[in-house]
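Before any comments, here is the structure.
Throughout, protein chains are lettered first and strands after them, A, B, ... in sequence-line order, and every chain is numbered starting at 1. In this text the structure is predicted, and so the values were computed from the model without any measurement.
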Amino acid sequence: MLDPKYFREELEQTATQLKKRGFVLEVEKIRALEAERKILQSQTQDLQAERNTRSKSIGQAKARGEDVAPLMTAVNDLGEKLKENELKLAAIQEQLHAIYSCVPNITHESVPVGKDETENREEHRWGKIPEFTFPVKDHVDLGVTKDRMNFDLAAKITGARFVVLKAELARLQRALIQFMLDTHTQEHGYTETYVPYLANRDSLFGTTQLPKFEEDQFFTNAEQGYALIPTAEVPLTNIFRDVIIEADQLPIKLTAHTPCFRKEAGSYGKDTRGMIRQHQFEKVELVQIVRPEDSYQAHEKLTRHAETILEKLELPYRRITLCTGDIGFGSAKTYDLEVWLPSQNTYREISSCSNFEAFQARRMQARWRNPVTGKPELVHTLNGSGLAVGRTLVAIMENYQQEDGSIIVPTVLQKYVGIEKIA
RNA sequence: GGAAGCGUGGCAGAGCGGUUGAAUGCACCGGUCUUGAAAACCGGCGUGGGGCAACCCAUCGUGAGUUCGAAUCUCACCGCUUCCGCCA
C-alpha cells in the first residue's frame, strides 16, 4: 500500500510513476472520491463533535440535578443525520481502500523502465557454463529413468504438478535444505525459524498476496479462510504485523525452510514437464526487517546471500534487475537470480530478491521506534529465495550429469548426502 | 467435545453508563541535584486521521446493537488462559 498522501497531495506525479509499470491509475475517480470523502469526513466530524458536547452537557446538567428532558430531545435530531453521514463516509472509505489495495508499489529510480521481461537488465554472470561431450538429458530423464523421480505416482496421489522423489534424490533435496539453512544461519547471520504453513487473510493481505492474487492461493475452506502459504515470506514477515520494534533490534534477519503451495493459475501451458513449476515445492526463504535508510544496502547484501549458495554449489548463474514492466506488485526493486539449465540451454529463475520499502509494512503496521523522532515509523521489509530448493535440485542434476546418467554430488553437499555420486 | 474465566496505552495494571483518552506503577524523554553515576525531586510521554493553527474526530480484541451519551450494558465472532474428557 502506498502512503495515502500520494493520492491526496501528489496524485498526478503518482500516476506518472505508476505508468512506468504499465499501471493506469484512475486519477479522476480517485480525485472525485477523495473530494467527497473530505467533505463527508469533516461534516461527520462536526456532527460528532456537536453530539459529544451536547451529551456532555446533559451529563453536567444531570449532575447539578437539573431537568435534562429538553436537552435530550434537542440531541435526538442529530442522531439520524449523523448515522446517515457515517454510513456514506464508510462506503466511500471502503471504495478508496479497495482501489488503494490494488495499486502496486512505485519502483526505485534505479529500476530500468521497460514493458516486459525482454527489457530486464542483466547485471552480471558467474560461473562457467558446462560443456558436454554427449547429448544432455533433462532432469526428468535423469530422474525418472532410474525411478528416483516419479510424476505418475504424484498424479495418482494428487494430480498434475506434483512429484514423488525417492532414495538419493529425496535425500539430496533434504541435504540442500540443510546446507542452505546452515549457510544462512552460520555465515550470514539469519535466525532459523519454524512457522505455520497455513496463513489467515490478514497475513496474506499484509504481504500483498491479497486482494489481487486470491486466485493463486490454495484456501482450506471458506469459513476459516486459511491458505496454504505460497512462500515463507508470508509467515516470516507477518511476525511483525502490528508490532513496534525497538531500534536496537534492527536489522532482523530470519530464514525458514517451508513447502510452498501455488495454484499457478495463470500458467496453464507453461513448464508442464518436470519439476520447474509445481503446486508444491520446497524453499528456503530469507527475510529482513530494516531501518528505511538501510534497505537498499540490505537488498544488495541479501541478494549476495542467495548468490553465495549458487557459488558454493558451483552452479552458473546470472543476476538480472527486473524492469518496471516485469517487477512484482509490491516490490520497489527486484533482482532475479537465474541458474543455468543445460537442457533448456538458458538461464531460469531460481531466486527473486525484493525490497518492498514500506509497502508491506504499511499494510501490516510493522513499525520501529525511531530514536531521533521518538515516534513509531514504518520499517522496510525485504525478502528473497535462498534458494528455491526444487529448482536447485533440477539445476544440480542437469549441470552435474555424466554420460552414463549418473550425477556428481557438489563438493559442499557431499558431507550432507554421504555419497559423492548418484549412480 | 464439556465447563469457567480473560482480552484496556511499550509493559504491568485500575476503571459507579456521563468533564475518562483513560488512575497508578514500570519503562522512556527533558530538567534540578551530583566530580560522574545511582537515588530523590519536578515536568513530559499512546496511536491513526482532518486542519496553517487554536483545535476537532476516531480508537480500551473485532463487528453489530441498546442509549441523548458505552472501556463500562446486550449479542455474535476472533484470540488467549485454566479445569475435565478424548487422542498421541
Side-chain angles (χ1 to χ4, degrees), chain A residues 1-11 30-31 33-97 99-101 195-196 198-206 210 219-227 235 238-250 252 289 291 358-359 361-379:
Chain A
M1 198 108 79
L2 293 172
D3 191 330
K5 286 193 169 73
Y6 284 20
F7 300 115
R8 292 176 190 159
E9 294 162 22
E10 299 164 27
L11 191 54
I30 291 171
R31 205 197 307 282
L33 281 170
E34 280 290 356
E36 205 177 339
R37 188 214 99 240
K38 200 166 179 175
I39 293 165
L40 267 174
Q41 187 165 344
S42 65
Q43 274 181 2
T44 305
Q45 291 190 358
D46 287 347
L47 285 169
Q48 286 169 328
E50 190 167 347
R51 180 206 56 198
N52 288 347
T53 51
R54 289 203 191 191
S55 290
K56 209 169 262 185
S57 67
I58 289 176
Q60 291 169 340
K62 212 171 181 180
R64 289 193 300 269
E66 297 169 11
D67 177 24
V68 294
L71 288 171
M72 277 164 69
T73 52
V75 202
N76 263 330
D77 311 337
L78 272 176
E80 209 155 309
K81 176 84 179 139
L82 179 59
K83 191 155 278 179
E84 195 184 311
N85 267 39
E86 281 174 338
L87 287 173
K88 275 194 207 162
L89 180 62
I92 286 179
Q93 279 172 329
E94 209 170 294
Q95 279 186 65
L96 283 168
H97 186 256
I99 293 172
Y100 296 163
S101 298
V195 291
L198 290 170
N200 62 32
R201 298 188 70 92
D202 285 344
S203 294
L204 292 162
F205 179 80
L210 292 182
F219 278 91
T220 49
N221 62 55
E223 302 87 76
Q224 283 184 313
Y226 294 163
N238 274 284
I239 287 173
F240 303 97
R241 175 151 50 84
D242 295 319
V243 171
I244 298 173
I245 304 161
E246 290 308 322
D248 61 7
Q249 300 296 303
L250 296 175
I252 292 167
I289 313 289
R291 301 181 183 209
F359 196 82
R362 186 169 294 107
R363 290 177 169 227
M364 292 191 300
Q365 285 302 301
R367 295 172 296 176
W368 69 301
R369 199 170 287 281
N370 183 345
V372 177
T373 60
K375 294 284 179 191
E377 295 172 12
L378 297 170
V379 294

At 4.0 Å (heavy atoms only), tell me whether [X] reaches a base, stays on the sugar-phosphate, or touches nothing.
| X | answer |
| --- | --- |
| Asn52(A) | sugar-phosphate |
| Arg367(A) | sugar-phosphate |
| Pro4(A) | nothing |

Sorted by position of nearest nucleotide on RNA chain B, 5' first, the leading residue of Arg51(A) and Glu246(A) is Glu246(A)

Whichever of Ile244(A) and Glu50(A) has the more 5' nearest nucleotide on RNA chain B, that residue is Ile244(A)

Nearest listed nucleotide, side chain of [X], among [options]:
| X | options | answer |
| --- | --- | --- |
| Pro376(A) | U47(B), U66(B), C56(B) | U47(B) |
| Lys56(A) | G48(B), U19(B), C57(B) | U19(B) |
| Ile58(A) | C57(B), U47(B), G18(B) | G18(B) |

Tightest non-hydrogen contact, residues Arg363(A) and Met1(A), listed as NE-N, 3.3 Å

Ile245(A) and Gln249(A) have their tightest heavy-atom pair at CG2-CB, 3.6 Å

When the [atom1] atoms of [M] and [N] are compared, how many Å lie between them, rounded to an integer?
| N | M | atom1 | result |
| --- | --- | --- | --- |
| G18(B) | G69(B) | C1' | 7 Å |
| A88(B) | U74(B) | C1' | 41 Å |
| A64(B) | A58(B) | P | 15 Å |
| A71(B) | U19(B) | P | 10 Å |
| U67(B) | A53(B) | P | 39 Å |
| G46(B) | G21(B) | P | 15 Å |
| U35(B) | C28(B) | C1' | 27 Å |
| U8(B) | U72(B) | P | 13 Å |

Report the distance from atom [atom1] of [X] to atom [atom2] of [N], rounded to the nearest whole Å.
| X | N | atom1 | atom2 | value |
| --- | --- | --- | --- | --- |
| Met1(A) | G49(B) | CE | P | 12 Å |
| Gln365(A) | G46(B) | CD | P | 17 Å |
| Asp242(A) | U59(B) | CG | C1' | 14 Å |
| Gln93(A) | G48(B) | CD | C1' | 12 Å |
| Leu96(A) | G49(B) | CG | P | 15 Å |

Tell me if the side-chain of Gln41(A) makes a donor-acceptor pair with the base of G49(B), cut-off 3.5 Å, by modelled atom types. no

In Watson-Crick or G-U wobble terms, both distances under 3.5 Å, what is the partner of [N]?
| N | result |
| --- | --- |
| C75(B) | G63(B) |
| G1(B) | C84(B) |
| U34(B) | none |
| A58(B) | U47(B) |
| A14(B) | none |
| A23(B) | none |

Can you check whether [X] has a side-chain N or O nearer than 4.0 Å to OP1 or OP2 of [N]?
| X | N | value |
| --- | --- | --- |
| Arg369(A) | C45(B) | no |
| Lys375(A) | G46(B) | no |
| Lys38(A) | G51(B) | yes |
| Arg8(A) | G50(B) | yes |
| Asn200(A) | G79(B) | no |
| Arg54(A) | U67(B) | no |

Yes or no on side-chain contact (heavy atoms from CB on, under 4.5 Å) for Trp368(A) and Ile244(A), after CA distance, side-chain angles and deciding distance?
CA-CA 5 Å; Trp368(A) 69 301; Ile244(A) 298 173; 6.0 Å; no

Open item on the list: For Arg362(A), is there any backbone N or O sitting under 3.5 Å from a side-chain donor or acceptor partner on Gln365(A)?
Closed with: yes

Quiz item: Quick one: does Asn370(A)'s side chain have a donor or acceptor within less than 3.5 Å of a partner on Glu377(A)'s backbone?
Solution: no

Sorted by chain and residue number, the ring-ring contact (aromatic ring centres under 6.0 Å, His included) partners of Phe240(A) (sequence neighbours excluded) come out as none

Subject >> Asp242(A) vs Met364(A), side-chain contact (heavy atoms from CB on, under 4.5 Å): CA-CA, chis, key distance, verdict >> reply: CA-CA 6 Å; Asp242(A) 295 319; Met364(A) 292 191 300; over 6 Å; no

Q.
Would His97(A) and Gln93(A) count as a side-chain contact (heavy atoms from CB on, under 4.5 Å) here? Give the steps.
A. CA-CA 6 Å; His97(A) 186 256; Gln93(A) 279 172 329; over 6 Å; no

